[in-house]
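Written out below as structure tokens is the structure these notes cover.
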Amino acid sequence: MVSRHIEAGVHRLPRAPHHRVMVHASAATRSYCNQVGRYFVRRAGDIDLVPAGEEGGFEAETAFDTIEIVLQPALMERVAVELGGRALATRLDTRHLLRDQRIEHLARALQSDLDAPSGSLFADSIGAALAVRLLGLDDIDIDRTNRLSDTQLKRVLEYIEAALHEPLSIDRLERDEFRLVHTRPR
């Protein structure tokens, strides 16, 4: 586990023999993801997963902090076997903007251990817990927050600014053909 400060600019994530879990630790940061060809706004707690053997890259508009956790494929395989082999066939996929409080809390526990190391048993236990959670990503109810696209958000903000002198309500925005994205309560 490493806490990193990433400067604004273009960054390449080369192929690695291990899985990378990155938990965003800064206020909102806008970046362009080369892999999917679109912009993302990452907020504190957003999680990106880059599986072993995959590469990636992005262009960050502002500097940000992240917690990067490395998990060895052998650990994932061992945990899958201990889970009864059902997760063994599961291949990790690249994921962006995951929201999962357990993964975030496990990452913070590892981060706090940097200041006062508890030993390898602590880190190994957290790693195993992360592996269990990652192997079950498709089985668990992860909060997949729906967000407006950059274009939609820009249109809504322009509309609101133009109508600041009038009372605005959700009904009025909907009546004027704006769709608000509703997220599940946390």
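Heads up: numbering here begins at 1 and tracks the sequence.
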Pairwise side-chain contact, Leu134 with Ile103, heavy-atom cut-off 4.5 Å (strictly under): yes
Geometric class of the Phe58/Phe64 ring pair [parallel <30°, tilted 30-60°, perpendicular >60°]: tilted
Connected via hydrophobic side-chain network under 4.5 Å: Met22 and Leu110: no
Closest non-hydrogen atom pair between Glu61 and Ala8, with its separation: O-CB, 3.7 Å
CZ on Arg42 to CG on Leu97, rounded to 0.5 Å: 5.5 Å
Thr29 (side chain) donor-acceptor with Ala27 (main chain) under 3.5 angstrom: yes
Cluster overlap Phe122 with Val132, hydrophobic side-chain contacts below 4.5 Å: yes
Least distance between heavy atoms, Ser31 atom then Ala60 atom: CB-CA, 3.9 Å
Nearest-0.5 Å distance, CD of residue Glu104 to CD1 of residue Ile67: 8.0 Å
In one Ile/Leu/Val/Met/Phe/Trp/Tyr side-chain cluster, 4.5 Å: Val2, Leu75: no
Passing option when His19 is tested against Val50, Leu71, Val70 for side chain to side chain contact (heavy atoms under 4.5 Å, CB included): Leu71
Inter-residue atom distance Ile6.CD1 - Thr62.OG1, 0.5 Å rounding: 11.5 Å
Considering all heavy atoms, the nearest Val41-Ala28 contact: CG1-CB, 3.9 Å
Closest non-hydrogen atom pair between Ile126 and Ala109, with its separation: CD1-CB, 4.2 Å
Identified side chain to side chain donor-acceptor pair (under 3.5 Å) counterpart of Asp100 within the set His105, Arg95, Arg133: Arg133
For the student: nearest non-hydrogen atoms of Pro73 and His18, plus distance: CD-CA, 3.9 Å
Among Leu49, Thr94, Leu13, the one residue meeting side chain to side chain contact (heavy atoms under 4.5 Å, CB included) with Arg20: Leu13
All side-chain contact (heavy atoms from CB on, under 4.5 Å) counterparts of Arg12, not counting sequence neighbours: Pro14, Glu55
Which atom of Ala107 lies closest to which atom of Val23, heavy atoms considered: CB-CG2, 3.7 Å
CD-CD distance between Glu54 and Gln35, expressed to the nearest 0.5 angstrom: 6.5 Å
Pairing residues for Asp113 by the side chain to side chain donor-acceptor pair (under 3.5 Å) criterion, not counting sequence neighbours: Ser118
Residues forming a side chain to side chain donor-acceptor pair (under 3.5 Å) with Asp65, sequence neighbours excluded: His5
Backbone N/O of Gly53 and side chain of Arg15: donor-acceptor pair under 3.5 Å: yes
CZ-CG distance between Phe40 and Asp48, expressed to the nearest 0.5 angstrom: 7.5 Å
Distance (rounded to the nearest 0.5 Å) between Arg78 CZ and Gln72 CD: 12.0 Å
